[in-house]
Amino acid sequence: MSYIWPIVLVVAANIMYQICAKEIPSEMDTMASMTITYLVGAGCSAIMYFVMNKGGHLLQEYEKMNAAPALLGVSVVGLEVGFIFAYKKGWPVSTASLVQSAFLAVALIFVGALLYHEAITVNKVIGIVICLVGLYFINK
């Protein structure tokens, strides 16, 4: 169960995420909506930190930081702005996430090989072909 729950959380949160991104009012400025998103996210993160780390010292944790959390913040903004604009441009909620996930899966095979020396196996190549064929049919 400890292996499964994080994926269940990601799927449940992603469903809520996609619905909320689709429901951002089209007349609202995307960047204005993002300020609310990140204020709420920062507040939730702080609350969760102190609940999960009784007596924790947040500033001491910041001393351990490298560039990754800041770059993650930039990438999350890109993800969210991309989805919000995709939905504002008319992408269906049933397709946008699926298309990006397929392209992401293919790209991460190469990222894994280049950055982390993960093997590109025959099964992965077959998976890439299946993803690309699937994308063809989804967008046809």
Side-chain angles (χ1 to χ4, degrees):
M1 185 63 168
S2 65
Y3 186 71
I4 295 172
W5 81 262
I7 299 302
V8 171
L9 176 61
V10 167
V11 170
N14 209 328
I15 290 169
M16 183 175 172
Y17 168 87
Q18 297 299 333
I19 292 168
C20 291
K22 179 84 170 160
E23 294 296 320
I24 299 286
S26 59
E27 60 278 359
M28 182 180 193
D29 182 83
T30 300
M31 295 300 112
S33 73
M34 295 296 288
T35 63
I36 301 298
T37 299
Y38 287 108
L39 285 171
V40 171
C44 288
S45 296
I47 290 168
M48 289 172 62
Y49 172 79
F50 289 112
V51 167
M52 296 171 75
N53 297 284
K54 301 282 189 218
H57 298 285
L58 198 52
L59 294 178
Q60 287 179 344
E61 292 300 317
Y62 292 159
E63 291 174 359
K64 303 172 189 174
M65 189 173 88
N66 62 10
L71 294 173
L72 183 60
V74 172
S75 67
V76 169
V77 170
L79 284 168
E80 296 192 16
V81 169
F83 271 117
I84 292 168
F85 276 111
Y87 290 137
K88 285 184 175 187
K89 296 295 183 184
W91 275 83
V93 73
S94 61
T95 307
S97 182
L98 187 60
V99 169
Q100 74 81 30
S101 290
F103 278 122
L104 178 64
V106 171
L108 286 177
I109 288 173
F110 296 105
V111 169
L114 292 171
L115 296 181
Y116 301 104
H117 310 290
E118 297 172 359
I120 297 180
T121 64
V122 172
N123 284 346
K124 288 180 182 176
V125 172
I126 292 169
I128 290 171
V129 171
I130 291 170
C131 282
L132 296 175
V133 169
L135 285 171
Y136 170 78
F137 284 108
I138 286 169
N139 290 296
K140 187 168 173 46

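Basis for what follows: all heavy atoms, side chains included, without hydrogens, waters or symmetry-related copies.
Under a 4.5 Å side-chain heavy-atom cut-off, the cluster of Ile, Leu, Val, Met, Phe, Trp and Tyr residues that includes I7 is completed by V11, I15, I19. Other residues sharing the hydrophobic cluster of I36, ordered by chain and number and joined by side-chain separations under 4.5 Å: V40. Residues near V74 contribute nothing to a hydrophobic cluster around it, because no ILVMFWY side-chain heavy atom sits closer than 4.5 Å to its side chain.
Legend: salt bridge (Lys or Arg N to Asp or Glu O under 4.0 Å) pairs involving residues 8-31, not counting sequence neighbours: none detected. Judged as a ring pair (Phe, Tyr, Trp, His ring centres under 6.0 Å), the pairs with a partner in residues 16-48 (not counting sequence neighbours) are, in order, Y17-F83. Note on residues 52-70: pairs passing side-chain hydrogen bond (donor to acceptor under 3.5 Å, both in side chains), not counting sequence neighbours, are E61-K64. The list of ring pair (Phe, Tyr, Trp, His ring centres under 6.0 Å) pairs with a residue in residues 119-140, not counting sequence neighbours, is empty. Note on residues 110-135: no pairs pass side-chain hydrogen bond (donor to acceptor under 3.5 Å, both in side chains), not counting sequence neighbours.
Hydrophobic clustering (ILVMFWY, side-chain heavy atoms < 4.5 Å, transitive): V77 and I24 are in one cluster. Connection of F110 to V125 is established within a shared hydrophobic cluster, with ILVMFWY side chains joined at heavy-atom distances below 4.5 Å, either directly or through further cluster members.
For L72, the side-chain contact (heavy atoms from CB on, under 4.5 Å) partners two or more places apart in sequence, or in a different chain, are S75, V76. Residues satisfying the side-chain contact (heavy atoms from CB on, under 4.5 Å) criterion with V51, sequence neighbours excluded, are I47.
Remark: M31 CE is packed, more than 12 non-hydrogen atoms of other residues, nucleotides or ligands lying under 6.0 Å away.
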(request) Decide side-chain contact (heavy atoms from CB on, under 4.5 Å) for V111 and L108; before the verdict, give the C-alpha distance in whole Å, the side-chain angles of both, and the deciding distance to 0.1 Å. (result) CA-CA 5 Å; V111 169; L108 286 177; 4.2 Å; yes

Output a table of donor-acceptor pairs, distance under 3.5 Å, between side-chain atoms of residues 94-104 and any protein atom two or more places apart or on a different chain; print 'none' if there are none.
unit_1	atom_1	unit_2	atom_2	d
Q100	NE2	S97	O	3.3
S101	OG	S97	O	2.9

Enumerate donor-acceptor pairs with a distance under 3.5 Å from any side-chain N or O in residues 84-93 to protein atoms, sequence neighbours excluded.
unit_1	atom_1	unit_2	atom_2	d
Y87	OH	Q18	OE1	2.3
K88	NZ	M28	O	2.7
K88	NZ	T30	OG1	3.0

